[in-house]
Amino acid sequence: MVGAGIASQVGPAIALPAAIAGSLVVYALGVAHGMEALRTRAPMGASVRRVFGEGAPSAVFTLVIVLAMIGWCGFYLGIGGAALSDLLSTNQVGGALLLGGVCTALALLGQNTWNRLVYLTAGSAVALTVFTVTAISASPPSQLPQPSFGEGLATGIGGVVAYAIVFTMRAPDFTVDLEAPRDVWLAGLTMLVPLTVVMSIGVWLYGRTGLFDIPGVLRRTERPEAGQLFLALSAIAPAVTVIYSSAISIQSLRRIRHEVVVVAISGAAFVLGAIRFDLRLLAFLQALGAVVPSALAVMLVHPRLDPAPSPALSLSAWTAGSACALAVRSIEPFWGFVVGGLVTAASLWMMSKVQMRKQAGAPTSREGA
C-alpha cells in the first residue's frame, strides 16, 4: 500500500528507485540503533531512561512511540478487518473486532506461542502478494504525476522513511540479546528484503490498476475470497508484535499487569481499525516523519557525547528538531526528515559543550569553602 501510495504521488518510474533507496535508509538507521543495544546490552526501556531520565521526559518519549505503534496496529486491524468483513459479509466493526480479538488472545499467550505463527502469517503475506500480482486485471490510471526526478525521489524516500521509521525505534528490544554485530546486520535484512520487494510490487500494482487500497483491489478479482483470507492472516503477525512491543514500553513506565496493558492497547487499536484508520494514513505518516526521526537522532547521538546531556537538554533537542522537521516537511518530506535529524544532533552537541563549560567553571566545594 505504501509503494502504491508513493507511486500515486510521484509516478511509478520515480517511485521504484525511491522505494529501494528509502528502504536502505531505514535499514541503516535500524541497524545503527540495534548495534547500540548490542553494545550496551540495554533494551529500549533502559536506553530511554538513560537518555531522558526517570521522570517526565522519559515518559513523554515512551508515550509518543507507543501512540505511533498503536496507530500502526490500528492500520493493520483496519485493512485486515476490511478483508474479514468482506469475506464474512459483515460490517467493518465486526471484522476489526474479530481480528483484534485473535491478535489480543495471541499476545496474551506469550511470545513463545505466537512467534511460531509468524511463519503462517508471513506465508500468507507472500501468498497475498502472488495472488494480487497474478489475479488483478490491468486498468492503468489515465493520468500520472510527472514531478522532476530529484523532487520525486526526495518525496518518495521521505514517504518510505515516514512509514518505517517507528519500527527502527524498537530495534533494541529485538537485538539486545544477539551475539555479534553480524547478527544485527542479518536481522535487519528480515525487514529490508521484504520491505523493498513488496513496496516495489506496490509501485507496479499502482501502475497497473491505479489503486492503493488493497481490500479495494481484491474486490476486483474473480475470486476475492482467497485474497481476503490471505490479507486478514497477513495482518496478524505485525499487529501482535506491535501490541507486544507497546506493552513492554508501557510497563517500563509503570507496573501494570501485562494482561491489562495488552487489552488496553488492543482496544485502542480496535477503535482505529473500526473507523478504517488505514485510509487516513497521510497525516499520521507526516507526523511520524517529523517527530520520530528526531527522537532517533537523540538516541543515537546521546551515548557518544561526553559529558552526556541532561534529560532536560535531550528533550529540548528533540523538541527543536521536531519543530524544524514539521516546518520543512510541509514543503518537502525528505528534507523535513533530514533537517529534523541534523538540528536535533547539532542542538544536542552544542548543549553538551555548554554543559561541559559550566561544569568546568563551577568551583568545587573545597574551593567554595
D86 side chain to A83 main-chain N or O, any donor-acceptor pair under 3.5 Å? no

For S8 and G5, indicate whether the former's side chain and the latter's backbone hold a donor-acceptor pair under 3.5 Å. yes

Answer yes or no: is there a side-chain heavy-atom contact under 4.5 Å between E36 and P172? no

Applying ring-ring contact (aromatic ring centres under 6.0 Å, His included), can you list everything that pairs with F277, at least two apart in sequence or on another chain? F284

Check: S249 side chain, S245 main-chain N or O, donor-acceptor pair, under 3.5 Å: yes

Of the non-hydrogen atoms in Y76 and A235, which two are nearest, and what is the gap between them? O-CB, 3.7 Å

Can you list the steps and then say if M169 with M69 is a side-chain contact (heavy atoms from CB on, under 4.5 Å)? CA-CA 10 Å; M169 295 300 298; M69 289 190 291; over 6 Å; no

Indicate yes or no for a side-chain donor-acceptor contact from H302 to the backbone of P309 under 3.5 Å, with no hydrogens or angles considered. yes

With R276 via salt bridge (charged side-chain N to carboxylate O under 4.0 Å, His left out) - residues at least two apart: D213, D278

Taking S85 for its side chain and G81 for its backbone only, find out whether a donor-acceptor pair lies under 3.5 Å. yes

For W204, look at atom CH2 and say whether over 12 heavy atoms of other residues, nucleotides or ligands are found less than 6.0 Å away. yes

A96 and A274 have their tightest heavy-atom pair at CB-N, 3.9 Å

Membership question, hydrophobic clusters at under 4.5 Å side-chain separation (ILVMFWY): are L77 and L67 in the same one? no

Audit row: L120, I236, side-chain contact (heavy atoms from CB on, under 4.5 Å) steps and yes/no: CA-CA 9 Å; L120 169 64; I236 292 175; over 6 Å; no

Without swapping roles, check the side chain of Q92 against the backbone of A82 for a donor-acceptor pair under 3.5 Å. yes

Quick one, V93 with I275, criterion side-chain contact (heavy atoms from CB on, under 4.5 Å). Give me CA distance, side-chain angles, the key distance, then yes/no. CA-CA 8 Å; V93 174; I275 63 173; over 6 Å; no

Quick check: is V198 connected to I6 through a chain of hydrophobic side chains (ILVMFWY, heavy atoms under 4.5 Å apart)? no

Under 4.5 Å between any side-chain heavy atoms of F75 and P238, yes or no? no

Can you find a pair of side-chain heavy atoms, one from I165 and one from V26, that are under 4.5 Å apart? no

Output the distance between atom OG (S314) and atom CZ (R50), rounded to the nearest 0.5 Å. 10.5 Å

Mind checking whether V301 and L313 sit in one hydrophobic cluster, side chains of I, L, V, M, F, W, Y counted as touching below 4.5 Å? no

Under 3.5 Å donor-acceptor, S246 side chain and I243 backbone: no

Would you find a donor on one side and an acceptor on the other, under 3.5 Å apart, between the side chain of T62 and the backbone of A59? no

Looking at CZ of R357 and OG of S352, how far apart are the two atoms once the value is rounded to the nearest 0.5 Å? 10.0 Å

A21 and I157: which non-hydrogen atoms are nearest, and at how many Å? CB-CD1, 3.7 Å

Minimum heavy-atom separation for C324 and V339, please, with both atom names. CB-CG1, 4.2 Å

Run the numbers on L189 and Y27 for side-chain contact (heavy atoms from CB on, under 4.5 Å), then give the verdict. CA-CA 8 Å; L189 290 177; Y27 175 61; 3.7 Å; yes

Interatomic distance, CG@L300 vs OG1@T168, rounded to 0.5 Å, equals 8.0 Å

Distance-minimising heavy-atom pair for Q251 and R257: NE2-C, 4.0 Å

Contact check, side chains of S47 and H33, non-hydrogen atoms, under 4.5 Å: no

Drop me the distance from I79's CD1 to S234's OG, to the nearest 0.5 angstrom. 6.5 Å

Quick check: does any side chain N or O of S322 sit under 3.5 Å from a backbone N or O of T319, one acting as donor and the other as acceptor? no

Assigning hydrophobic clusters by single linkage (Ile, Leu, Val, Met, Phe, Trp, Tyr; side-chain heavy-atom cutoff under 4.5 Å), is L342 placed with L305? yes

Closest non-hydrogen atom pair, V160 against G22: CG1-C, 3.5 Å

Side-chain heavy atoms nearer than 4.5 Å, only ILVMFWY residues, links allowed to pass through others: does that put V176 and L29 together? no

Donor-acceptor contact present, side-chain W318 to main-chain V291, <3.5 Å: yes

Side-chain heavy-atom pair V25, F337 within 4.5 angstrom cut-off: yes

Whether over 12 other heavy atoms sit under 6.0 Å from R182 CZ: no

Reported OG1-to-CG distance for the pair T155 and L153, which is rounded to 0.5 angstrom: 9.0 Å

